[in-house]
Number of protein chains: 2
Amino acid sequence: MTANAAQKRRGAREAGAEAPAAEPFEQWPEDVDFGVLSGLIGYALRRAQIAIYRDFSASIPDFTPPLFAALVLIDQNPGLTQTRLGQVMGVNRAAAMALIDRLVDLNLVVRHVSVADKRANSVRLTDLGRRRLAAASLAVREHDARIARNLTTRERDTLRSLLRKF
Amino acid sequence: MTANAAQKRRGAREAGAEAPAAEPFEQWPEDVDFGVLSGLIGYALRRAQIAIYRDFSASIPDFTPPLFAALVLIDQNPGLTQTRLGQVMGVNRAAAMALIDRLVDLNLVVRHVSVADKRANSVRLTDLGRRRLAAASLAVREHDARIARNLTTRERDTLRSLLRKF
DNA sequence: TATTGTTATACTCTATAACTATA
DNA sequence: TATAGTTATAGAGTATAACAATA
């Protein structure tokens, strides 16, 4: 991960300025022999993700992809517990804790003990969290449109559909 | 990343045993509202990658995806320098250094100063590196077939082709 | 001056293990 | 006993910054 690049850019860009171009990534340079990697679905996915991640970091400096996803899931699912958030995101309890800790430190979410089960916390957004999420959601949608700019609407639908088969 | 799970499993599995099932990951649980995430290409890719990464870790305990990719690229491209490896993999020089350091520690690759440019190192596989790579390549191909098991041959081609557009 | 390798440093993400409180 | 949260710890991956050697 690389919050560093994001942090560096955070203060360096002025309102209304263009999102900085991420350093170019030669997707599949022709002078390089990728050997067995060429045929692998998993590796093709990985390379696409590198390009996507760079654009995300450059254009949404306030969040990382996991932080943004956690914030959306907390917002959309009232009463979500930390353990369940981890399951949904595909990480364990301790990792979910760490994400929520950071969101709490940023004053974007608060924990409160579940009345139904005193072991459990449910997590919800603060007013600030809601405002930041709304702003970031706009930026993320723009980012997503940008990374998929070389795909037709139909190709995007096909891709989303194929990706759900993993 | 999570070499820990891989390390834990490394000694625990016996020759010929089935690759351990990675902990299940509910790909898009129906009781959860994903909000804006549902429509994002980038997030669909991320979820697919979580599933793929888990299977990789469970079935190729000796390598992580970046280490395997680095090993293949070094093997296939004689005279590759560290900086160029980083560019090809989409990471900076220091990160490429760290990957190569680990491969050197594992006695899988060696550095030697380039005769053409004394600033540069070129990197090549050791005999052990070649043997390990051959074995891992088999396992990785099996892994890739397994993660793509719900896709037809045609769908795999479509997916690889779409992923090259990012 | 520009580039390569290198080292120091830092941060995110994630995991395992063990502990406490509650069920 | 089992589960939720928590804390401590660790390791992989990656970045920035600065330096020496070489181009």
Side-chain angles (χ1 to χ4, degrees), chain A residues 1-10 12 22-23 25 46 49-50 53-54 56-58 61 63-70 79-87 89-106 111-123, chain B residues 1-9 12 22-23 25 46 49-50 53-54 56-58 61 63-70 80-87 89-106 111-123:
Chain A
M1 234 301 183
T2 150
N4 288 356
Q7 284 172 359
K8 183 186 172 192
R9 287 184 191 100
R10 194 168 303 168
E23 288 162 21
F25 170 49
R46 167 167 275 268
Q49 188 133 92
I50 291 171
Y53 180 76
R54 291 189 171 204
F56 190 106
S57 296
F63 292 108
T64 61
L67 283 179
F68 177 74
L80 192 69
T81 64
Q82 300 183 171
T83 296
R84 182 62 182 146
L85 176 66
Q87 289 169 349
M89 293 188 65
V91 301
N92 72 6
R93 285 181 297 164
M97 274 278 315
L99 287 174
I100 294 176
D101 281 346
R102 293 183 52 213
L103 292 173
V104 169
D105 289 344
L106 293 167
R111 296 175 160 103
H112 50 122
V113 176
S114 166
V115 283
D117 182 342
K118 285 181 193 158
R119 292 172 305 182
N121 286 343
S122 70
V123 191
Chain B
M1 237 305 199
T2 149
N4 290 355
Q7 283 172 0
K8 184 186 172 194
R9 287 185 191 100
E23 289 162 20
F25 169 48
R46 166 167 276 269
Q49 189 133 91
I50 292 171
Y53 180 76
R54 291 189 172 206
F56 189 105
S57 296
F63 291 108
T64 61
L67 282 180
F68 177 74
L80 192 69
T81 65
Q82 299 183 171
T83 295
R84 182 61 183 148
L85 176 65
Q87 288 168 351
M89 292 188 66
V91 302
N92 73 6
R93 285 180 299 162
M97 274 278 314
L99 288 174
I100 294 175
D101 281 346
R102 293 184 52 215
L103 292 173
V104 169
D105 288 345
L106 293 167
R111 295 176 162 103
H112 50 122
V113 176
S114 166
V115 282
D117 182 343
K118 285 182 194 158
R119 293 171 305 182
N121 286 342
S122 71
V123 191

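Below, chain A is the first sequence line, B the second, and so on; all start at residue 1.
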Asks: The criterion is ring pair (Phe, Tyr, Trp, His ring centres under 6.0 Å); which residues satisfy it with A:Phe56, sequence neighbours excluded?
Replies: A:His143

Asks: Between D:dT14 atom P and B:Arg102 atom CZ, what is the distance in whole Å?
Replies: 10 Å

Asks: Which residues pass the side chain to side chain donor-acceptor pair (under 3.5 Å) test with B:Arg111, sequence neighbours left out?
Replies: B:Gln82, B:Asp101

Asks: Using the side chain to side chain contact (heavy atoms under 4.5 Å, CB included) criterion, which residues pair with A:Leu85? Sequence neighbours excluded.
Replies: A:Ala70, A:Leu73, A:Ile74, A:Leu80, A:Met89, A:Ile100

Asks: What are the two closest heavy atoms between A:Thr81 and A:Ala120, and how far apart are they?
Replies: CG2-CB, 4.0 Å

Asks: Can you check the B:Asn92 CG to C:dA10 P distance for me, whole Å?
Replies: 17 Å

Asks: Write down the distance between CG (A:Leu85) and C1' (C:dT14), rounded to a whole number of angstrom.
Replies: 14 Å

Asks: Under 4.0 Å from OP1 or OP2 of C:dT4: is there any side-chain N or O of B:Ser114 that close?
Replies: no

Asks: The helix from C:dT1-D:dA23 to C:dA23-D:dT1: angle between its terminal axes, five pairs each, to 10°?
Replies: 0°

Asks: In this structure, how many angstroms lie between the C1' atom of C:dC13 and the CD1 atom of B:Ile50, rounded?
Replies: 11 Å

Asks: Could you state the atom-to-atom distance from CD of B:Gln49 to C1' of D:dG13 in whole Å?
Replies: 13 Å

Asks: Under the side chain to side chain donor-acceptor pair (under 3.5 Å) test, which residues partner A:Arg93, sequence neighbours left out?
Replies: none

Asks: To the nearest angstrom, how far is A:Phe56 atom CZ from C:dC13 atom C1'?
Replies: 14 Å

Asks: Testing the basics here: between B:Arg46 and A:Pro66, what is the closest heavy-atom pair and its distance to 0.1 Å?
Replies: NH1-CG, 3.8 Å

Asks: Taking N or O atoms only and anything under 3.5 Å, show me the protein contacts with nucleotides 5-9 of chain D, one pair per line.
Replies:
| unit_1 | atom_1 | unit_2 | atom_2 | d |
| --- | --- | --- | --- | --- |
| D:dG5 | OP1 | A:Gln82 | N | 3.1 |
| D:dG5 | OP1 | A:Asn121 | N | 3.0 |
| D:dG5 | OP1 | A:Asn121 | O | 3.1 |
| D:dG5 | OP2 | A:Thr83 | N | 2.7 |
| D:dG5 | OP2 | A:Thr83 | OG1 | 2.3 |
| D:dG5 | O3' | A:Asn121 | ND2 | 3.1 |
| D:dG5 | N7 | A:Arg93 | NH1 | 2.3 |
| D:dG5 | O6 | A:Arg93 | NH1 | 3.2 |
| D:dT6 | OP1 | A:Asn121 | ND2 | 3.3 |
| D:dT6 | OP2 | A:Gln82 | OE1 | 3.0 |
| D:dT6 | OP2 | A:Gln82 | NE2 | 2.8 |
| D:dT6 | OP2 | A:Arg111 | NE | 3.2 |

Asks: Can you sort out the partners of A:Gln49 under side chain to side chain donor-acceptor pair (under 3.5 Å), two or more places apart, ordered by chain and number?
Replies: none

Asks: Specify the separation, in whole Å, of atom CZ of B:Arg54 and atom P of C:dA15.
Replies: 7 Å

Asks: Does A:Lys118 or A:Ala95 map to a spot on DNA chain C nearer the 5' end, using the closest nucleotide for each?
Replies: A:Ala95

Asks: With DNA chain D as reference, determine whether B:Ala116 or B:Ala98 sits nearer its 5' end, using the nearest nucleotide of each.
Replies: B:Ala98

Asks: If the condition is salt bridge (Lys or Arg N to Asp or Glu O under 4.0 Å), which residues does B:Arg84 pass it with, not counting sequence neighbours?
Replies: A:Glu26, A:Asp31

Asks: Can you name the closest pair of heavy atoms from B:Arg54 and B:Phe25 and give their distance?
Replies: NH1-CB, 3.9 Å

Asks: How close or far is atom P of D:dT14 from atom OH of A:Tyr53, stated in whole angstroms?
Replies: 10 Å

Asks: Nearest to the side chain of B:Leu67, heavy atoms from C-beta on, is which of D:dG13, C:dT14, D:dA23?
Replies: D:dG13

